[in-house]
Student: 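Take a look at the following structure, please.
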Amino acid sequence: MMPDILCLQETKGQDHQVAETLSSIDNYFIYSNSAIRKGYSGTAIISKIKPVSVNYDMGIEKHDQEGRVICAEYENFYLINVYVPNSGNDLKRLDYRQIWDLDFFNYLKNLEKNKPVIVCGDFNVAHKEIDLARPKPNYNKSAGFMQEEIDGMDRFTSGGLIDTFRQLHPDTPNRYSWWSYRGGARDRNVGWRIDYFLVSEDLLTIIEDADILDKVKGSDHCPVSLTLKNS
């Protein structure tokens with residue numbers, strides 16, 4: 001069953017390729033944002049509901065080359081689909097990642113001046129020790145669990161954006177959204193929770209459920225979901 005809105009990250013296609021690939025999906029509006037570099041990054045929103053408006057990127061040139069942000073405006077909120085840069089196995093982009101995190105936070109807070117936000121996507125960071133299977137060997141050694149990346153997520157959650165899964169499941173362990181392809185990690189559930197729905201505090205009253213669909217396969221990630229109450 002298709003959701004009302006589906007957000008995709010790392011589409012790796014140019015806009016025309018995404019449109020062609022998704023052309024068999026009927027009764028949905030499709031929006032994509034591709035990277036200048038072919039075969040890299042990219043995001044897409046597939047929506048049964050036509051947005052009021054759709055905008056792409058943050059309006060910051062150094063960040064707007066990789067198709068990482070789409071913002072769909074709906075009547076009661078903005079939905080932002082994001083694919084946050086990975087710091088890389090050798091951490092070469094860790095410094096850039098810190099700049100990105102701050103600029104993206106400011107971008108969200110600027111939108112929030114007009115209406116609440118829902119932020120969906122691959123944030124490429126496990127926020128707390130509970131959010132990955134092996135925190136101690138990875139802390140400050142692996143991309144996705146560097147203190148600088150954790151600080152970036154702290155900024156989001158301390159700045160009025162609620163991690164919906166942890167809001168509803170504060171102490172639930174062993175729930176992950178990404179697993180390495182190596183060493184049978186998924187079969188052993190040696191994973192990381194790096195995909196999130198963050199929402200403005202004003203939207204908490206309409207959150208019905210937030211879940212991780214870890215039985216769904218086909219990628220090294222699994223889907224995460226957010227269900228809103230009918231208004």
Student: Could you check whether any side-chain heavy atom of Y40 comes within less than 4.5 Å of a side-chain heavy atom of K12, counting everything from C-beta outward?
Tutor: no
Student: Quick one: does any side-chain atom of D220 pair with a main-chain N or O of Y181 as donor and acceptor, under 3.5 Å?
Tutor: no
Student: Quick check: are there more than 12 heavy atoms from other residues, nucleotides or ligands sitting under 6.0 Å from CD of E20?
Tutor: no
Student: Could you give the distance from CD (Q167) to CZ (F165), rounded to the nearest 0.5 Å?
Tutor: 12.5 Å
Student: Do R155 and L102 have side chains that get closer than 4.5 Å, going by heavy atoms?
Tutor: yes
Student: Could you check Q147 against D151 for side-chain hydrogen bond (donor to acceptor under 3.5 Å, both in side chains), going step by step and ending with a plain yes or no?
Tutor: CA-CA 6 Å; Q147 186 59 51; D151 290 344; 2.7 Å; yes
Student: Give the cluster check for Y28 versus I70: same hydrophobic cluster or not, with ILVMFWY residues linked at side-chain heavy-atom distances below 4.5 Å.
Tutor: no
Student: Hey, are the side chains of V119 and V82 touching, using non-hydrogen atoms and a 4.5 Å cut-off?
Tutor: yes
Student: Calculate, to the nearest 0.5 Å, the distance between atoms OG and CZ belonging to S142 and R134 respectively.
Tutor: 11.5 Å
Student: Tell me whether R188 at atom CZ has more than 12 heavy atoms from other residues, nucleotides or ligands lying less than 6.0 Å away.
Tutor: yes
Student: For R186 versus V216, what's the shortest heavy-atom pair and its separation?
Tutor: NH2-O, 2.8 Å
Student: In sequence, state the C-alpha distance, the side-chain angles, and the governing distance for S47 and Y74, and then conclude on side-chain hydrogen bond (donor to acceptor under 3.5 Å, both in side chains).
Tutor: CA-CA 11 Å; S47 180; Y74 295 91; 2.7 Å; yes
Student: Counting distance only, does the side-chain N/O of K115 pair as donor-acceptor with the main-chain N or O of E75 below 3.5 Å?
Tutor: yes
Student: Rounded to the nearest 0.5 Å, how far apart are CD of Q9 and OG of S41?
Tutor: 10.0 Å
Student: State which residue, out of D171, T172, D131, fulfils the side chain to side chain donor-acceptor pair (under 3.5 Å) condition with R166.
Tutor: D131
Student: Indicate yes or no: at least one non-hydrogen side-chain atom of I46 is less than 4.5 angstrom from one of I5.
Tutor: no
Student: Could you check whether atom CG of N114 has more than 12 heavy atoms from other residues, nucleotides or ligands sitting under 6.0 Å from it?
Tutor: yes
Student: Which is it for N81 and T43 under the side-chain hydrogen bond (donor to acceptor under 3.5 Å, both in side chains) test, yes or no, and what are the steps along the way?
Tutor: CA-CA 7 Å; N81 181 20; T43 49; 4.7 Å; no
Student: Centres of the F123 and F156 rings: under 6.0 Å?
Tutor: yes
Student: Take D209 and L226 through the side chain to side chain contact (heavy atoms under 4.5 Å, CB included) test and state the conclusion after the steps.
Tutor: CA-CA 6 Å; D209 191 23; L226 182 72; over 6 Å; no
Student: Which atom names give the shortest non-hydrogen contact between P51 and Y31, and what distance separates them?
Tutor: CD-OH, 3.3 Å
Student: Is there a side chain to side chain contact (heavy atoms under 4.5 Å, CB included) between I150 and H127 once you walk through the steps?
Tutor: CA-CA 6 Å; I150 295 166; H127 189 197; 4.3 Å; yes
Student: Passes salt bridge (Lys or Arg N to Asp or Glu O under 4.0 Å), D57 versus R68? Steps please.
Tutor: CA-CA 7 Å; D57 302 316; R68 293 184 178 273; over 6 Å; no
Student: Kindly indicate, with the supporting measurements, whether the criterion side chain to side chain contact (heavy atoms under 4.5 Å, CB included) is fulfilled by Y107 and C71.
Tutor: CA-CA 11 Å; Y107 163 80; C71 174; 3.3 Å; yes
Student: Side chains of D195 and H221 only: does a donor on one sit below 3.5 Å from an acceptor on the other?
Tutor: yes
Student: Indicate if M146 and W192 have the same hydrophobic cluster label, given that clusters are the connected sets of ILVMFWY residues with side-chain heavy-atom separations under 4.5 angstrom.
Tutor: no
Student: Applying side chain to side chain contact (heavy atoms under 4.5 Å, CB included) to L94 and K92, what does each step give before you reach the verdict?
Tutor: CA-CA 6 Å; L94 181 59; K92 283 186 177 180; over 6 Å; no
Student: Say whether, by atom type as modelled, one donor and one acceptor occur between the side chain of D122 and the main chain of N124 under 3.5 angstrom.
Tutor: yes
Student: Please confirm whether H63 and Y96 have ring centers closer than 6.0 angstrom.
Tutor: yes
Student: Could you tell me whether a side-chain N or O of N33 sits under 3.5 Å from a main-chain N or O of V69, the two making a donor and an acceptor?
Tutor: yes
Student: Check each of E149, E66, E148 against R93 using the salt bridge (charged side-chain N to carboxylate O under 4.0 Å, His left out) test, and report the only one that passes.
Tutor: E66
Student: P3 and L6: which non-hydrogen atoms are nearest, and at how many Å?
Tutor: CG-CB, 4.0 Å
Student: Does a donor on one side chain sit under 3.5 Å from an acceptor on the other, for D163 and T157?
Tutor: no
Student: Using atom types as modelled and distance alone, determine if a side-chain donor or acceptor of S200 lies under 3.5 Å from a backbone N or O of D202.
Tutor: no
Student: Determine whether a donor-acceptor pair (N or O, by modelled atom type, separation under 3.5 Å) exists between the side chain of S177 and the backbone of C222.
Tutor: no
Student: So, N86 side chain and G88 main chain: donor-acceptor pair closer than 3.5 Å or not?
Tutor: yes
Student: Would you say F145 and L132 make side-chain contact, with heavy atoms under 4.5 Å?
Tutor: yes
Student: Would you say that C120 contacts I80 through its side chain, given a criterion of any heavy-atom pair below 4.5 Å between the two side chains?
Tutor: no
Student: With no hydrogens and no angle check, is any side-chain donor or acceptor of R175 less than 3.5 Å from a backbone partner on H169?
Tutor: no
Student: Nearest 0.5 Å, please: how far is OG1 in T164 from CG in L168?
Tutor: 6.5 Å
Student: So which heavy atom on L203 is nearest to which on P116, and how close?
Tutor: CG-CB, 3.6 Å
Student: So, for G13 and V18, which heavy atoms are closest and what is the spacing to 0.1 Å?
Tutor: O-CG2, 3.9 Å
Student: Within the structure provided, determine whether I118 and L228 are in side-chain contact (heavy-atom separation under 4.5 Å).
Tutor: yes
Student: Closest heavy-atom contact between D15 and S32?
Tutor: OD1-OG, 2.9 Å
Student: Kindly indicate whether the side chain of K62, heavy atoms from C-beta on, has any atom under 4.5 Å from the side chain of I60.
Tutor: yes
Student: Spell out, as yes or no, whether a donor-acceptor pair under 3.5 Å connects the side chain of Y196 to the backbone of V125.
Tutor: yes
Student: With side-chain hydrogen bond (donor to acceptor under 3.5 Å, both in side chains) as the criterion, how do W179 and N189 come out once you've worked through the C-alpha distance, each side chain's angles and the decisive distance to 0.1 Å?
Tutor: CA-CA 7 Å; W179 303 261; N189 200 29; 3.0 Å; yes
Student: To the nearest 0.5 Å, how far apart are CG in D211 and CG in L213?
Tutor: 5.5 Å
Student: When hydrophobic residues are tied together by side-chain contacts of less than 4.5 Å, even through go-betweens, does Y78 share a cluster with V84?
Tutor: yes
Student: Find out if a path of hydrophobic residues (ILVMFWY) with successive side-chain heavy-atom gaps under 4.5 Å connects L22 to M2.
Tutor: yes
Student: Before giving the answer on salt bridge (Lys or Arg N to Asp or Glu O under 4.0 Å), spell out for E129 and R193 the whole-Å C-alpha distance, their side-chain angles and the decisive distance to 0.1 Å.
Tutor: CA-CA 10 Å; E129 288 192 2; R193 189 177 75 98; over 6 Å; no
Student: Taking F77 as the starting point, is it possible to reach V224 by hopping between hydrophobic residues whose side chains are less than 4.5 Å apart?
Tutor: yes
Student: Any chance you could measure Y56, atom OH, to I45, atom CD1, to the nearest 0.5 Å?
Tutor: 8.0 Å
Student: Look at the side chain of D101 and the backbone N and O of Q98, then say whether any donor-acceptor pair between them is shorter than 3.5 Å.
Tutor: no
